[in-house]
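Accompanying notes for the structure given below.
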Amino acid sequence: MLSTLMSDTPEHEGPASEHEGPTSDQREGSGYDFHEIQERWLPVWDERAPFRSGLPGDDRPKKYILDMFPYPSGDLHMGHAEAYALGDVISRYWVQRGFNVMHPIGWDAFGLPAENAAIKRGENPMRWTYENIAQQKSSMRRYACSFDWDRVLNTCDPEYYRWNQWFFLQMFERGLAYRKASNVNWCPNCQTVLANEQVVAGQCERCDTLVTKKKLTQWYLRITDYADRLLNDMSQLEGQWPEKVLLMQRNWIGRSTGAEVQFAIEGRDQPVTVYTTRPDTLFGATFFVVAADSDLAAELAADSPAHAEFTSYLEQVKQVSEMDRLDSSRAKSGVFLQRYAINPVNGERIPVWASDYVLADYGTGAIMAVPAHDQRDLDFARAFNLPIQVVVDAGEDPAVTGIATADDGPHVNSGPLDGMAKAEAIEAMLAVLAERGTGQPSVNYRLRDWLISRQRYWGTPIPIIHCPTCGEVPVPLDQLPVELPPADGLDLKPKGASPLGAAVEWASVACPKCGAAATRDPDTMDTFVDSSWYYLRYVDPRDDTRAFDPAKVREWLPVDQYVGGVTHAILHLLYSRFFTKVLYDMGLVDFTEPFTRLLNQGMVVMSGSAMSKSRGNVVRLSDELAVHGVDAIRLTMVFAGPPEDDVDWADVSPAGSRKFLARAWRLSGDVTSAPDADRSTGDLALRKATHRAVHDAAQAVESFRFNVAIARAMELVNATRKAIDTGCGPADPAVREAAEAVAIMLSLVAPYTAEDMWARLGHEPCVALAGWPAVDPALLVEESVICAVQVGGKVRDRLEVAPTISEEDLRELALASASVSAALEGRGIKVVIVRPPKLVNIVPE
RNA sequence: GUCCGAGUGGCGGAAUGGCAGACGCGCUAGCUUGAGGUGCUAGUUCCCUUUACGGGGAAUGGGGGUUCAAGUCCCCCCUCGGACACCA
């Protein structure tokens, strides 16, 4: 069957547009018809499934290449086309290198986009989601991604989210999942809470609505327990992940070191603790501020004459949007609570204020204000005419300049600290505090616990039952999964409470402990829970006895290469790293970092800006594929530049890509030697070009310089064309060797063209499994190289020399050059730098 | 404001401190063609010089430095992009 197809794959079988009758070979380029080639090979690949991984008896070494899985919100777009083309080059390369590559795909199928779209169209989110998945799956198949289609998973399948629930309960048991009441980020439009990570510049990352605060009792995962490990384990990722991502993670975790200091408050039994990174400036603390929205502020204001003023201020604070609150240029506001704190080092009475510039949920929600050396404190002091005490002499007087001095300098007005520099003063102050029992060193993080409750339908139900007597009761493991009730009949419109609560039959259950009437937790989980461990599930997505088999995970993980957008630099990657560490502690995995190497591809933009409907600059992938074909689009994406850079579709040429593919493809039709021709007898120059190209392309691919790898393939195509037309001729075995090498190189990026070339060269499918050509080191050695001879750094002559030429010989040769003597103009020679075989630099006096 | 990146032809981009501009797009000329959104050949950083072959000089945002040698390393400045942004 296939051999028949192959053997009569003639170049005359072109499209209708092609001329009839006899014409010269030079016309044959138009015989390249990507439509026909795509239709021919897709079914063959379906049948042969060349990318199944981990089959029994497969003893190739294992490699795990992972693309970030897509949201099924519509068909694939240009961004997908770029990301998956890049991941595919890497995956296909390692397959060619003889690895048993697991390259899976799945769908991140729960979440707000799907649900909102479903509401808008009055549809069922499940049906809508699965339809999109089917659409994307079919597009990906046509796009010829080297996925192992036996490992597909959808996070919205109960077989998958069951294990979300299982993980949640494991964490609940370990105290890592807990419920607490606090002021949470609330999106009034989505009508749901948001994690800190989902608030971007004070706005909802989904709909850009201004985020407000709301006091709610919600489920959290205790990621802060892992803050130090999330930070320290990044040493494993240095050099493997983009430096930028590591930096963003570091900043997000935001570890700071300082001290906790206890301040007595007049009229209060217990002292109040503050956190400061500058305990050395304690003598400069001239007032004390508590977060206006903290419990402490309310308590201190309760029996104060300032009570009424405070209450109205608090109301005012609550009105301020998150957006405005984050504006650091906003004028400081606050209320004097008519209370006093006592500075523990000098006994000074300092006024206590409430303000919204102090955050209730960072540190202790209260600060000692040192206006001379903290800009925010200074702004506040100037606004309310509070005293400013300089304790570090850094030149300018902040009270005059309005600029707080945070620099190092000798301490003044600081008793025993006087004259000390910052580091020394911090040490000394910590000793003083320790001695008096009023403070100790402390570490704080910007990172907060991960809020995972969502008041929406399309997600994983939280497997907890609320019992009036037993409290929070986990759903027994044998009752998992807690499946979502059908959406039909439920009002999914956001209204502040989860739609699941309205599914009365579903929500009403007997308490597993006492049997009394109880209700299910109506919230669903943040979908980042789903994506925090999906890479583990791929080892066996159909395992219905556990989330994953630890033995199989040991075989495949950690992921060797992860490919995805930088948009997930914080959220998804941080959460996944956290999950992995928890699983490590549970003894289920034997590694602490899930993704060994990370590649962040850029975006596809149009004329300098992101594609958007409002801009009207959206390029449709399906249109591009129809005009240029899958291979040309993939090639264009990969050849455009370094993978991390954005691809501007206005700057690239898919038509040029197609022309190159046709040119390469034509080589395969010109070869007249037999498939078993003895390559070693071929034209030496072309053979050298082939082996050089194969060698350099491999190096380029391994260092993510895919555009360079393609340039090497283009050079080889050009050299082969020349050899056929004006060199050794089409019958030379070197031409066959070169054409085959081109086919294999192209198989990474243009699989249809490569497969067709392979067939025309007389081989069985699949070219993807042909194996990367072995490079003969002898053929990488040049017989001669051009040596540049410089005089005073300027090239004055070029010599053809043996690559093995000695330093002495080369020096002699260079000095003998007529051009050199001319350039020297009679000057003497100061020094001669000889770097055989490529360069000599003669420096005149 | 703070912290990161990045600036190379008309364009996308190449270049272990060692001949800047690989490869491609675009453009120009020629050939092929009934025709060209085809194919092939040649050319294409800028300036000066030469009838021509050729020759010379300048050039990797700007300025300094290290070096025999700098797009690459160091310092200052400019521009653009990104991330974070009251985190005490």
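The basis for the numbers below is simple: all heavy atoms, side chains too, and nothing from hydrogens, waters or symmetry mates. Sequence lines set the chain letters: A, B, ... in the order given, protein chains first and strands last, and positions in each chain run from 1. Predicted model only: the values in this text are computed from it and were never measured.
- Judged by distance alone, the side chain of A:Asp631 and the main-chain N or O of A:Thr753 form a donor-acceptor pair under 3.5 Å.
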ask   = With the sugar-phosphate defined as primed atoms, P, OP1 and OP2, and the base as all remaining atoms, what B/S/- string results for nucleotides 54-61 of chain B, 5' to 3', for protein heavy atoms under 4.0 Å?
value = ---SS---
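- Taking atom C1' in both B:G30 and B:U79, the straight-line distance is 43 Å, to the nearest Å.
- Just one of A:Phe660, A:Phe34, A:Tyr32 meets the ring pair (Phe, Tyr, Trp, His ring centres under 6.0 Å) condition when paired with A:Trp665; it is A:Tyr32.
- Rounded to whole Å, the C1' atom of B:C23 lies 22 Å from the corresponding atom of B:G18.
- Listed by first then second residue, pairs satisfying salt bridge (Lys or Arg N to Asp or Glu O under 4.0 Å) with a partner in residues 273-291 of chain A read A:Arg278-A:Asp280, not counting sequence neighbours.
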query = Please, what dot-bracket string fits RNA chain B when only Watson-Crick and G-U pairs with both distances under 3.5 Å count, crossing ones use [ ] and pairs to another strand use |?
reply = (((((((..(((.....[....)))((((((.......))))))(((((....)))))..(((((..]....))))))))))))....
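- B:C40 and B:G24 are spaced 11 Å apart, taking the P atom of each and rounding to whole Å.
- The phosphate of B:G39 (OP1 or OP2) has no side-chain N or O of A:Arg721 nearer than 4.0 angstrom.
- Mapped onto RNA chain B by nearest heavy atom, A:Glu243 and A:Arg658 fall at different nucleotides, with A:Glu243 at the one closer to the 5' end.
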Please tabulate, one pair per line, each protein N/O and nucleotide N/O from nucleotides 64-70 of chain B that are separated by under 3.5 Å, including the distance.
from, atom 1, to, atom 2, distance (Å)
B:C68, O2', A:Asn841, ND2, 3.2
B:C68, O2, A:Asn841, ND2, 2.9

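- In this structure, the side chain of A:Thr281 does not engage the main chain of A:Gly284 through any donor-acceptor pair within 3.5 Å.
- A distance of about 40 Å separates the C1' atoms of B:G82 and B:G43, rounded to the whole Å.
- Separating the CE atom of A:Met603 from the P atom of B:G12 is a distance of 17 Å, rounded to the nearest angstrom.
- One interatomic measurement links the two molecules: CD1 of A:Ile403 to C1' of B:U2, which rounds to 15 Å at whole-angstrom precision.
- The interatomic distance linking A:Leu574 (CG) with B:A83 (P) rounds to 18 Å, in whole Å.
- Anti is the classification of B:G56, since its glycosidic angle lies more than 90° from 0.
- The nearest heavy atom of RNA chain B to A:Asp646 and to A:Lys244 marks one nucleotide each, and the one closer to the 5' end goes with A:Asp646.
- Nucleotides B:U67 and B:G54 place their P atoms 39 Å apart, quoted to the nearest Å.
- Pairing each heavy atom of A:Phe263 with each of A:Asn343, the nearest pair is CE2-CA, 3.7 Å.
- Between A:Ile570 atom CD1 and B:C3 atom P there is a gap of 18 Å when expressed in whole angstrom units.
- Comparing the same atom, P, in B:A59 and in B:U72 gives a spacing of 13 Å after rounding to whole Å.
- Judged by distance alone, the side chain of A:Asp646 and the main-chain N or O of A:Val604 form no donor-acceptor pair under 3.5 Å.
- Residue A:Ile842 is out of contact with every strand shown, counting any heavy-atom pair closer than 4.0 Å.
- Between the side chain of A:Asn841 and the backbone N or O of A:Ile833, no donor-acceptor pair lies under 3.5 Å.
- One atom, CG of A:Leu571, and another, P of B:A83, lie 13 Å apart when rounded to the nearest Å.
- For the P atom pair drawn from B:G71 and B:A85, the interatomic distance equals 40 Å after rounding to whole Å.
- When side chains are defined from C-beta on, A:Asn707 does not count as touching A:Val638, because their heavy atoms never get closer than 4.5 Å.
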Just the table, please: protein N/O against nucleotides 22-25 of chain B N/O, every pair under 3.5 Å.
from, atom 1, to, atom 2, distance (Å)
B:A22, O2', A:Glu715, OE2, 2.8
B:G24, OP1, A:Asn718, ND2, 3.0

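- Between A:His568 and A:His572, the angle of the ring planes goes over 60°, which puts this pair in the perpendicular group of the 30/60° scheme.
- A:Leu247 has its CG atom 20 Å from the P atom of B:G81, to the nearest Å.
- Residue-environment remark: CD (A:Glu238) exceeds the threshold of 12 foreign heavy atoms within 6.0 Å.
- For A:Glu808, there are no salt bridge (charged side-chain N to carboxylate O under 4.0 Å, His left out) partners two or more places apart in sequence or in a different chain.
- Put simply, CZ on A:Arg446 is 5 Å from P on B:A85, counting in whole angstrom units.
- Summarising the geometry, the separation between OH on A:Tyr32 and P on B:U38 is reported as 15 Å, rounded to the nearest angstrom.
- Rounded to whole Å, the C1' atom of B:C80 lies 15 Å from the corresponding atom of B:G62.
- Both tests pass for A:Lys332 against the ring of A:Tyr357: distance under 6.0 Å to the centre and angle within 45° of the axis.
- The backbone N or O of A:Thr405 lies less than 3.5 Å from a partner atom in the side chain of A:His373, making a donor-acceptor pair.
- Side-chain atoms of A:Gln375 come within 3.5 Å of backbone N or O of A:Ala404 as a donor-acceptor pair.
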request  = Might you work through the salt bridge (charged side-chain N to carboxylate O under 4.0 Å, His left out) test for A:Arg721 and A:Asp725, ending with a clear yes or no?
outcome  = CA-CA 6 Å; A:Arg721 182 80 263 155; A:Asp725 291 348; 3.2 Å; yes
